[in-house]
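Have a look at the structure below before the remarks.
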Number of protein chains: 2
Amino acid sequence: MALADEAGLDGLSMRRLATELGVVPMALYKHVANKDELLDGIIDTVVGEIDLGPVEGDWRPAVRARILTARAQMLRHPWASGAIESRRNPTPAVLAYMNSVIGLLRTGGFTVDLVHHAIHTLGSRILGFSQELFDDTPADPGAQEAAAHAMKDTFPWLAEMALQVAHDEKSIVGSGCDDQFEFEFALDLLLDGLERLRSAV
Amino acid sequence: MALADEAGLDGLSMRRLATELGVVPMALYKHVANKDELLDGIIDTVVGEIDLGPVEGDWRPAVRARILTARAQMLRHPWASGAIESRRNPTPAVLAYMNSVIGLLRTGGFTVDLVHHAIHTLGSRILGFSQELFDDTPADPGAQEAAAHAMKDTFPWLAEMALQVAHDEKSIVGSGCDDQFEFEFALDLLLDGLERLRSAV
DNA sequence: CGTCCTAGGTGTACGCCGTACACCATCCTA
DNA sequence: TAGGATGGTGTACGGCGTACACCTAGGACG
């Protein structure tokens, strides 16, 4: 995890990890069957650190809080979301996390069926991350605005949006979007919809 | 694209593509600066094939239809979603696609601000795919149910859900979930929420 | 005390990957 | 007829995951 934190997911190779540990690459294979198992291990650790303590109150704030806790952990370890996405089978800690969220929904009055749909609907957002289609925080804020201007003829709708976003955000914190706001916006929209379905039964 | 279709994203290497073309690997670099540019190229092609023809009627069925069209294309080329996720900068065809969806929303009565949040909310689902946390279509249907039984003590909520899903689906098409249904369920929930916000302004 | 098992580190090697660099053949244009 | 573009070739480097055979220190047990 330390190596991934500082070198990113790409920088985490068996060879590099070995030299970091002052050891020859093949020595790692006495502790781990292969690289996949190593990745499963660090995923299990990072997800296992998410606090699953009991939460009181309605299902909605409870689920919201749990997901935002997970998100904080993902932000602490930026490689984690990519690592999780790359895996095909869930690790025990991921299962435990899912189990806890499902529990909050079930005790909150969701039917088994609706929980199932809810899990699919939340998708990776349940673990606190969402894959954006592209990185909207380019290095140069001015360049972004210039690019938006250049798009006005070919992609007018896109340019309109990009320009307004660039304008709005410039007053706050340079360019790019407020990821945390957008995440919570989407999360609340989903939770609203789920509550509507739950109470409609 | 043909190679990716048959060998997957992992199987698409410069060397393999070259031999497939009956040519030496370095020959590819006379047509493409590097592998990233090649990936951008095939993404642009696959996304460019999505029909962006004009759609009549309300924004909601229009956006729904466009996204489901995109999804069909993604299902036709299973490597595409992974390739798109791996990229940091959008290709022209992706921009054109986004522009078209934004246009449908804007002419449908969305403010620029709300469109921006909507795009973030839809995330990758706008292009017809959503990253599931894990692959829920294991090879052996019986094994899945057995695993669910084994989880009853450690992860009771998860087991409860898995067992009901396994039971429900067994009558239809073996195990696993109906991905298309779950996708449309989530999409409709999002579109419902967005419509509520739009008409509330 | 001597034996043997085991946990864990070592060295070498294979086959894959992306790609830098120098070279060459063809063909179209001036 | 000369010269530049276009595009294929050969070699090589540094990285990756990992198979296989080997060695060493320490503890268990007769």
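Order of the sequence lines sets the chain letters (A, B, ...), proteins ahead of strands, with each chain counted from 1.
Of the residues in residues 12-20 of chain B, those lying under 4.0 Å from DNA chain C by heavy-atom distance are Ser13(B), Met14(B), Arg15(B). Listed by residue number, the members of residues 30-43 of chain B with any heavy atom below 4.0 angstrom from DNA chain C are Asn34(B), Lys35(B).
Val24(B) comes within 4.0 angstrom of a base, heavy atoms only.
Pairs passing the salt bridge (charged side-chain N to carboxylate O under 4.0 Å, His left out) check and including a residue from residues 149-162 of chain A, sequence neighbours excluded, read Glu160(A)-Arg106(B). The stretch residues 6-30 of chain B participates, sequence neighbours left out, in no salt bridge (charged side-chain N to carboxylate O under 4.0 Å, His left out) pair at all. Contacts classified as ring-ring contact (aromatic ring centres under 6.0 Å, His included) and involving residues 19-45 of chain A (residues at least two apart or in different chains) are not found. Residue pairs meeting the ring-ring contact (aromatic ring centres under 6.0 Å, His included) criterion with at least one partner in residues 41-78 of chain B, sequence neighbours excluded, are Trp59(B)-Phe110(B), His77(B)-Trp79(B).
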Where do Gln131(B) and Glu85(A) land on the side-chain hydrogen bond (donor to acceptor under 3.5 Å, both in side chains) test, with the steps shown first? CA-CA 7 Å; Gln131(B) 81 293 29; Glu85(A) 278 179 65; 5.1 Å; no
Show me the dot-bracket string of DNA chain C, counting Watson-Crick or G-U pairs under 3.5 Å, with | for pairs to another strand and [ ] for crossing ones. ||||||||||||||||||||||||||||||
Residues 32-51 of chain A side chain polar contacts: donor-acceptor under 3.5 Å, at least two apart:
| from | atom 1 | to | atom 2 | distance (Å) |
| --- | --- | --- | --- | --- |
| Asn34(A) | OD1 | Asp36(A) | N | 3.3 |
| Asn34(A) | OD1 | Glu37(A) | N | 3.0 |
| Lys35(A) | NZ | Leu12(A) | O | 3.0 |
| Asp36(A) | OD1 | Arg87(A) | NH2 | 3.0 |
| Glu37(A) | OE2 | Ala33(A) | N | 3.4 |
| Asp40(A) | OD1 | Arg87(A) | NH1 | 3.4 |
| Asp44(A) | OD1 | Thr91(A) | OG1 | 2.6 |
| Asp44(A) | OD1 | Ala93(A) | N | 2.7 |
| Thr45(A) | OG1 | Gly41(A) | O | 3.0 |
| Glu49(A) | OE1 | Gln73(A) | NE2 | 2.7 |
| Asp51(A) | OD1 | Gly53(A) | N | 3.0 |

Show me the donor-acceptor pairs, under 3.5 Å and distance only, between side chains in residues 94-104 of chain B and residues at least two apart or in other chains.
| from | atom 1 | to | atom 2 | distance (Å) |
| --- | --- | --- | --- | --- |
| Tyr97(B) | OH | Ile126(B) | O | 2.6 |
| Asn99(B) | OD1 | Trp157(A) | N | 2.9 |
| Asn99(B) | OD1 | Leu158(A) | N | 2.9 |
| Ser100(B) | OG | Arg66(B) | NH1 | 3.2 |
| Ser100(B) | OG | Tyr97(B) | O | 2.8 |

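Under the side-chain contact (heavy atoms from CB on, under 4.5 Å) criterion, Ser81(A) pairs with Phe129(A), not counting sequence neighbours.
To the nearest angstrom, P of dC17(C) lies 18 Å from CG of Asp10(A).
In this model, a donor atom of one side chain and an acceptor atom of the other lie less than 3.5 Å apart for Glu132(A) and His120(B).
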Restricting to nitrogen or oxygen on both sides, can you table the protein-nucleotides 5-7 of chain C pairs closer than 3.5 Å?
none

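The closest side-chain heavy-atom distance from Gln180(B) to Leu68(B) is below 4.5 Å.
Listed here is the closest heavy atom pair of Leu163(A) and Ala148(A): CD2-CB, 3.7 Å. Across all their heavy atoms, Leu105(B) and Ala118(B) have their closest contact at CD1-CB, 4.3 Å.
Contact footprint of chain A on DNA chain D: nucleotides with an atom under 4.0 Å from a non-hydrogen protein atom, first to last in 5' to 3' order, dC16(D) to dC20(D).
With DNA chain D read from its 5' end, the first of the two nearest nucleotides for Met26(B) and Gly11(A) is the one closest to Met26(B).
In this structure, the ring of Phe181(B) has its center less than 6.0 angstrom from the ring center of His117(A).
The closest donor-acceptor contact from the side chain of Thr19(A) to the backbone of Gly22(A) lies at 3.5 Å or more, if one exists at all.
Ion pair Asp192(A)/Arg196(B) not flagged as a salt bridge, since none of the NZ, NE, NH1 or NH2 atoms sits closer than 4.0 Å to an Asp/Glu carboxylate oxygen.
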